[in-house]
K.L.:
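Here it is, the structure, as structure tokens.
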Protein chains: 4
Amino acid sequence: MAGNKKELILDSAIKVMAEEGYYFTKMSWIADRAGIAVGTIYNYFSSKEEVLEEIFAREFKKRLDLLAELEESPELSVVSKLELFLVRHFEEIKKNPDLGNILVREKEFPKKEGSINQYLNQIPQSIKKLLEKGDEKGELEINKPELMAAIIFGSIQGVVEQAIKLENYEMLDDASDEIIRFVEMKAVK
Amino acid sequence: MAGNKKELILDSAIKVMAEEGYYFTKMSWIADRAGIAVGTIYNYFSSKEEVLEEIFAREFKKRLDLLAELEESPELSVVSKLELFLVRHFEEIKKNPDLGNILVREKEFPKKEGSINQYLNQIPQSIKKLLEKGDEKGELEINKPELMAAIIFGSIQGVVEQAIKLENYEMLDDASDEIIRFVEMKAVK
Amino acid sequence: MAGNKKELILDSAIKVMAEEGYYFTKMSWIADRAGIAVGTIYNYFSSKEEVLEEIFAREFKKRLDLLAELEESPELSVVSKLELFLVRHFEEIKKNPDLGNILVREKEFPKKEGSINQYLNQIPQSIKKLLEKGDEKGELEINKPELMAAIIFGSIQGVVEQAIKLENYEMLDDASDEIIRFVEMKAVK
Amino acid sequence: MAGNKKELILDSAIKVMAEEGYYFTKMSWIADRAGIAVGTIYNYFSSKEEVLEEIFAREFKKRLDLLAELEESPELSVVSKLELFLVRHFEEIKKNPDLGNILVREKEFPKKEGSINQYLNQIPQSIKKLLEKGDEKGELEINKPELMAAIIFGSIQGVVEQAIKLENYEMLDDASDEIIRFVEMKAVK
DNA sequence: AATGAATGAGGGTTCATTCAT
DNA sequence: TATGAATGAACCCTCATTCAT
């Protein structure tokens, strides 16, 4: 039951924040949309920032769990791993574009190491590690893994951003293919 | 003199906003950093939002002017045009990373058609047009220009974001090469 | 409870505005006087202007309701109606001179049709209608009802203004008699 | 020349204040309307309040001078004196309704004994004295001179207020007759 | 656990006034 | 004298958070 209420609040927060952006979002709007009182939110979250953090935490946990799982699949090539990751990510975004909107747009909280930054930084890092593993294994030839990771991560974000802005969600279906093609350029033949 | 003061304010605003993010930035901090009174800012800008808009307007004007100029150079291939654009953009960011920080991070102002959104939307659009031109001219084979533009724009943003976050500005030197290589995959041989 | 808090704020506002005038009145003074926080005022009123409007609205409603009630009393002569109105009005002012002070002094908000102007304009209009009715019924002979209404309304305001300024509240007891005597000059014998 | 500039500023101030009201009037608007710089105003007036005070001072000086002059005319009856005063006052208002607007509307500056209050209080006082003189001389029978003065002063203000609000300036031509008729009620036959 | 009225620190903005030119 | 950019104190209003019920 308690879990349900927290879910309810998060769903409501995602909708409002996707529409208005984190800073314009008022706690009272989240409450209204959820059909509860403002005070109730504070029984489940200690602050507005924590609501956003929880959203990021959950979504990033999904991605990072998937990445960890893929990590431990020796039968898969690095490129396949990346592909599986992309496919799944874009599927999730397609299921809930509001979420994608938030994930892609909220970049504030400068300095503060905690907050959402901790999550945002992990994906490019994981991609970088993946690419380095590919290089070590002789699958790929990556000279500048940090740069490549930046490009790949950027591509992912860019696709989500445009898909939502243009309301062209089909773009998400083709995106992994296209990005993977880019990585395959680096494949050692 | 007047131009100087406006410049002074913008420089100060760029520094503060890069450090703190637009929403955390206080008008009084911009004034302090510029060594002037808060009221003075309002002699040059009508609101905090307008300060950010001016920053975006100026930087995007530079980019869009360059794109327009390249447009009218029939001797250049589409790929070369894109390359020149990228090289110049990354050079500018390297000269003033604070600016890059802001350009890449501020994505709020949802809905509001005016504000910074008008600028943010123009670059992917211009890239898309460039790609379509390349397709028409038989230089490139682009099936989904919108997707490709999203990926390229995303890559650019991703590189700037990571370069700044990791304080690895050399990344910016190699980024255009790498991104162009991706576009060249689409070249018709 | 809620009604009480609104009342509390209005009472406080009346006192402060009577002492200081609307423009000098600070929201924080109203709050202090009411023993509440500034923010609380905004749970009941959307702006400082709305506080003043509510004061006017309430007082004018009382007057206009009375006028409407008198309107529907065919047994009363027009002069008697006017007299009853004056007596009641001056009684009210005597009970709460602070209120009278505000009602008589605040005339700003130029142009703006909403705001307090809508109320201020209604009394002379009602008086004019009353005089015209008297003329029609053959009770009075009024050639210039607009002028007469202006004089009567001005007299009322003038009496309240001086009574408060000179702190001579007895003046209010005699005022209706004197003003009515003036109207009776117009009585058809 | 200097006198001219001061005149220019006052004329401009009257127009702006009549349109906007004292509190909404910005010093810069007065300057703009006068075709001069804001700073220049401060060469002739020490503050915004002083501009308003000067307007009141001048107009009230005219009235008080007239009253003083009438005072020393033993051949005139009190009623005639009052009539001459009213006629002149309404004539002036008709010549410059903007001025009337200000004179009638600005009542703020509570407490502060200086400011415009000093002027506003003098007219009812003078009227009261005039009435008392009439009583002494056996011309009039006035039991409550303070009340009568309040009514007469209120009438004057009310007429000006309505004439301006309704843009019915003809009202001003008939007003003195009507008000005098009221005073004549008190005449000893 | 749920409520929502109360809180009050905080910040963007205004604008009368100043003063160097 | 005239200018008008610079000043900065002042204030309305917002809204995340609290807490008594």
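Residue numbering restarts at 1 for every chain, and letters A, B, ... go by the order of the sequence lines. In this text the structure is predicted, and so the values were computed from the model without any measurement.
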K.L.:
Report the secondary structure of DNA chain F in dot-bracket form, marking unpaired bases with a dot and bases paired to a different strand with |, and treating Watson-Crick or G-U pairs with both distances under 3.5 Å as paired.
P.N.:
.||||||||||||||||||||

K.L.:
Would you say the side chain of B:Gln157 lies within less than 4.5 Å of the side chain of B:Val160, judging by non-hydrogen atoms?
P.N.:
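No. Closest side-chain heavy atoms not under 4.5 Å.
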
K.L.:
If you check every side-chain atom of A:Ala37, which of E:dA1, E:dT17, E:dG4 has the closest atom?
P.N.:
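When the side chain of A:Ala37 is considered, E:dG4 is the closest of E:dA1, E:dT17, E:dG4.
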
K.L.:
In this structure, how many angstroms lie between the P atom of F:dA5 and the CZ atom of B:Phe45, rounded?
P.N.:
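Computing the B:Phe45:CZ to F:dA5:P distance gives 15 Å.
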
K.L.:
C:Trp29 CH2 to F:dC13 P: how many Å, rounded?
P.N.:
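So the CH2-P distance, C:Trp29 to F:dC13, works out to 15 Å.
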
K.L.:
Step through the shown structure and confirm whether more than 12 heavy atoms of other residues, nucleotides or ligands are within 6.0 Å of NZ on C:Lys61.
P.N.:
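For C:Lys61, atom NZ is not crowded (no more than 12 foreign heavy atoms under 6.0 Å).
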
K.L.:
Using only side-chain N and O atoms of C:Thr40, determine if any of them is under 4.0 Å from OP1 or OP2 of E:dT7.
P.N.:
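Looking at the OP1 and OP2 atoms of E:dT7, one of them is under 4.0 Å from a side-chain N or O of C:Thr40.
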
K.L.:
So which nucleotide from F:dC13, E:dG11, F:dT3 ends up closest to the side chain of B:Lys26?
P.N.:
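Side chain of B:Lys26 sits closest to E:dG11.
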
K.L.:
Looking at E:dA5, I'd like to know if its phosphate oxygens (OP1 or OP2) sit under 4.0 Å from a side-chain N or O belonging to C:Asn43.
P.N.:
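C:Asn43 to E:dA5 OP1/OP2: no side-chain N or O under 4.0 Å.
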
K.L.:
Would you call D:Phe56 and D:Glu106 a side-chain contact if the rule is heavy atoms closer than 4.5 Å?
P.N.:
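Sidechains of D:Glu106 and D:Phe56: in contact.
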
K.L.:
Quick check for you: among F:dT3, E:dA5, F:dT1, whose closest atom lies nearest to any side-chain atom of C:Tyr44?
P.N.:
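Nucleotide nearest to C:Tyr44's side chain: E:dA5.
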
K.L.:
Test the B:Lys48-B:Tyr22 pair against the cation-pi criterion, namely NZ or CZ under 6.0 angstrom from the six-membered ring centroid and within 45° of the ring axis.
P.N.:
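Ring-cation test returns yes.
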
K.L.:
E:dA16 P sits how many Å from D:Ile30 CD1, rounded?
P.N.:
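Spelled out: CD1 on D:Ile30 to P on E:dA16 is 8 Å.
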
K.L.:
Take atom CD1 of C:Ile9 and atom P of F:dC13, then tell me their distance rounded to the nearest Å.
P.N.:
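Computing the C:Ile9:CD1 to F:dC13:P distance gives 14 Å.
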
K.L.:
Please report, rounded to the nearest Å, how far the P atom of F:dA16 is from the OH atom of B:Tyr23.
P.N.:
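About 13 Å, once rounded to whole Å.
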
K.L.:
Taking only side-chain N and O atoms of A:Ser47, does any of them lie within less than 4.0 angstrom of OP1 or OP2 on F:dA16?
P.N.:
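Checking F:dA16 against A:Ser47, no side-chain N or O comes under 4.0 Å of OP1 or OP2.
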
K.L.:
To the nearest angstrom, how far is C:Ile41 atom CD1 from F:dC15 atom P?
P.N.:
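Value for this atom pair: 17 Å.
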
K.L.:
Measure NZ/A:Lys48 against P/F:dT14 and give the value in whole Å, please.
P.N.:
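Whole-Å distance recorded here is 15 Å.
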
K.L.:
Report all interatomic pairs (protein N or O, nucleotide N or O of nucleotides 19-21 of chain F) with separations under 3.5 Å.
P.N.:
none

K.L.:
Does the pair D:Glu19/D:Lys15 count as a salt bridge with the N-to-O cut at 4.0 Å?
P.N.:
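Answer for the salt bridge query: no.
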
K.L.:
What is the distance from atom CG of A:Asp98 to atom CD1 of A:Ile14, rounded to the nearest 0.5 Å?
P.N.:
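Separation between the atoms: 8.0 Å.
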
K.L.:
So C:Ser28, base contact, sugar-phosphate only, or nothing? Heavy-atom distance under 4.0 Å.
P.N.:
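The answer is nothing, as C:Ser28 stays clear of every strand by at least 4.0 Å.
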
K.L.:
Could you tell me if the side chain of B:Tyr119 sits less than 4.5 Å from the side chain of B:Glu59, heavy atoms only?
P.N.:
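Side-chain contact under 4.5 Å: no.
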
K.L.:
If you check the A:Met27 side chain, which of E:dA5, F:dT17, F:dC13 turns out closest?
P.N.:
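Nearest nucleotide to the side chain: F:dT17.
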
K.L.:
If only side-chain N and O atoms of A:Lys5 are considered, is one of them under 4.0 Å from the OP1 or OP2 phosphate oxygen of E:dA2?
P.N.:
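Affirmative; the distance criterion is met.
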
K.L.:
Side-chain contact, heavy-atom cut-off 4.5 Å: B:Leu52 with B:Ile102?
P.N.:
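They are in side-chain contact.
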
K.L.:
Using side-chain heavy atoms (C-beta onward) and a distance below 4.5 Å, is C:Arg105 in contact with C:Ile164?
P.N.:
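No, side chains not in contact.
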
K.L.:
Answer whether the closest heavy-atom distance between the side chains of A:Ile93 and A:Leu99 falls below 4.5 Å.
P.N.:
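Counting from C-beta outward, A:Ile93 and A:Leu99 never come under 4.5 Å.
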
K.L.:
F:dT14 C1' sits how many Å from A:Phe24 CZ, rounded?
P.N.:
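It is 13 Å, rounded to the nearest whole Å.
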
